[in-house]
Structures are given as structure tokens and as C-alpha cells.
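For reference, the structure discussed in these notes is given below.
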Amino acid sequence: MNREIFKNFCRYVAFNILGQIAYSCYTLADTFFVSVKTGTNGLTALNLAFPVFCLISGIGLMIGIGGGTRYSILKSQNEHLAANRVFTNAVFLAIAFAVVFFFSGLFSPIPL
């Protein structure tokens, strides 16, 4: 039993590592092509925008994965009302963050 769990764990970790390597290669290639086409100003803008993108992506992943995990656990325990509440809360939280990010970008852009 423990060997099977370890095997599944290693498989999921390996796919996660491969996915991160692919994402890093994509980011590196994107940075190269932006620097070739737009020069130093474009590369500077990309390097300033990338952490913001990572923050937004990270928050979305935390809400999605956390909410999905909690939802699945509650559904498997036949607690459908609580599972529906978790789903609804995750959607409202995602919308709230989306509104904050949207209006932050709309009303407070800082010229670089």
C-alpha cells in the first residue's frame, strides 16, 4: 500500500517538475523574443510586469486548487450543502480578486 502511494506521489511530482521546466523555457524564450523585437524598454516592461502576472496567477491557483480540494473532500463525504457553499465562496473570492486587480490596473497605472 505505501509503495503504491509513493509511486503515485512520484508520478505527480515528476509531472509537476516537468511542467515547471516547460513554463521556465517558455518564459525564457518569450523574454528573448521580446528583447530582440522591442529592445531594452520592452525587456524592462516585461520584467516589471512578470511579477505582477505571477502574483495574479498564484492567487488564482490558490483559490482554484484550494477550493477544488475542499469541494472534492466534502462531496466525497456526502456533505453536498457544505460543498456547494465552498464552491460559491471560491467563485465569489475569485470575482473579488478579479475586481480588485481590474480596478487597480484601470485607475492606478504608473507610467514607467
Side-chain angles (χ1 to χ4, degrees):
M1 183 67 166
N2 286 339
R3 186 172 176 89
E4 185 67 28
I5 291 172
F6 183 72
K7 183 180 174 184
N8 283 335
F9 175 76
C10 287
R11 187 176 58 136
Y12 285 118
V13 168
F15 284 130
N16 193 4
I17 290 171
L18 289 174
Q20 289 299 315
I21 290 171
Y23 182 70
S24 296
C25 291
Y26 163 76
T27 303
L28 191 62
D30 188 44
T31 302
F32 172 75
F33 288 117
V34 166
S35 68
V36 167
K37 184 68 176 170
T38 61
T40 57
N41 287 339
L43 189 57
T44 301
L46 177 66
N47 286 327
L48 290 173
F50 189 68
V52 176
F53 168 76
C54 288
L55 176 71
I56 293 170
S57 177
I59 289 172
L61 285 169
M62 284 191 290
I63 293 170
I65 293 171
T69 302
R70 185 73 181 134
Y71 177 83
S72 296
I73 290 169
L74 290 171
K75 276 293 203 181
S76 69
Q77 295 172 344
N78 289 324
E79 295 184 32
H80 301 291
L81 185 61
N84 289 340
R85 221 178 357 234
V86 166
F87 177 80
T88 303
N89 287 339
V91 169
F92 283 141
L93 188 60
I95 291 171
F97 273 106
V99 167
V100 168
F101 290 137
F102 175 77
F103 285 113
S104 295
L106 189 64
F107 292 121
S108 64
I110 300 168
L112 299 174

How long is the span from the [atom1] atom in [X] to the [atom2] atom in [Y], to the nearest 0.5 Å?
| X | Y | atom1 | atom2 | answer |
| --- | --- | --- | --- | --- |
| K7 | I5 | NZ | CD1 | 13.0 Å |
| N8 | C10 | CG | SG | 9.5 Å |
| I21 | N16 | CD1 | CG | 10.0 Å |
| R70 | R85 | CZ | CZ | 10.0 Å |

Which heavy atom in [X] sits nearest to a heavy atom in [Y], and how many Å separate them?
| X | Y | answer |
| --- | --- | --- |
| P51 | L48 | CD-O, 3.5 Å |
| G67 | A90 | CA-CB, 4.5 Å |
| V86 | Y71 | CG1-N, 4.1 Å |

Practice item. Test side-chain contact (heavy atoms from CB on, under 4.5 Å) on E79 and L81 and set out the steps. Key: CA-CA 6 Å; E79 295 184 32; L81 185 61; over 6 Å; no
Which donor-acceptor pairs under 3.5 Å do the side chains of residues 26-36 make with protein atoms, sequence neighbours left out?
residue	atom	partner	partner atom	Å
T27	OG1	Y23	O	2.9
T31	OG1	T27	O	2.7
S35	OG	T31	O	3.3
S35	OG	F32	O	2.7

Which atom pairs, donor and acceptor, lie under 3.5 Å between side-chain atoms of residues 53-63 and protein residues at least two apart or in another chain?
none

Point to revise | Candidate list F103, F102, F101, test side-chain contact (heavy atoms from CB on, under 4.5 Å), partner V99, passing option | key: F103
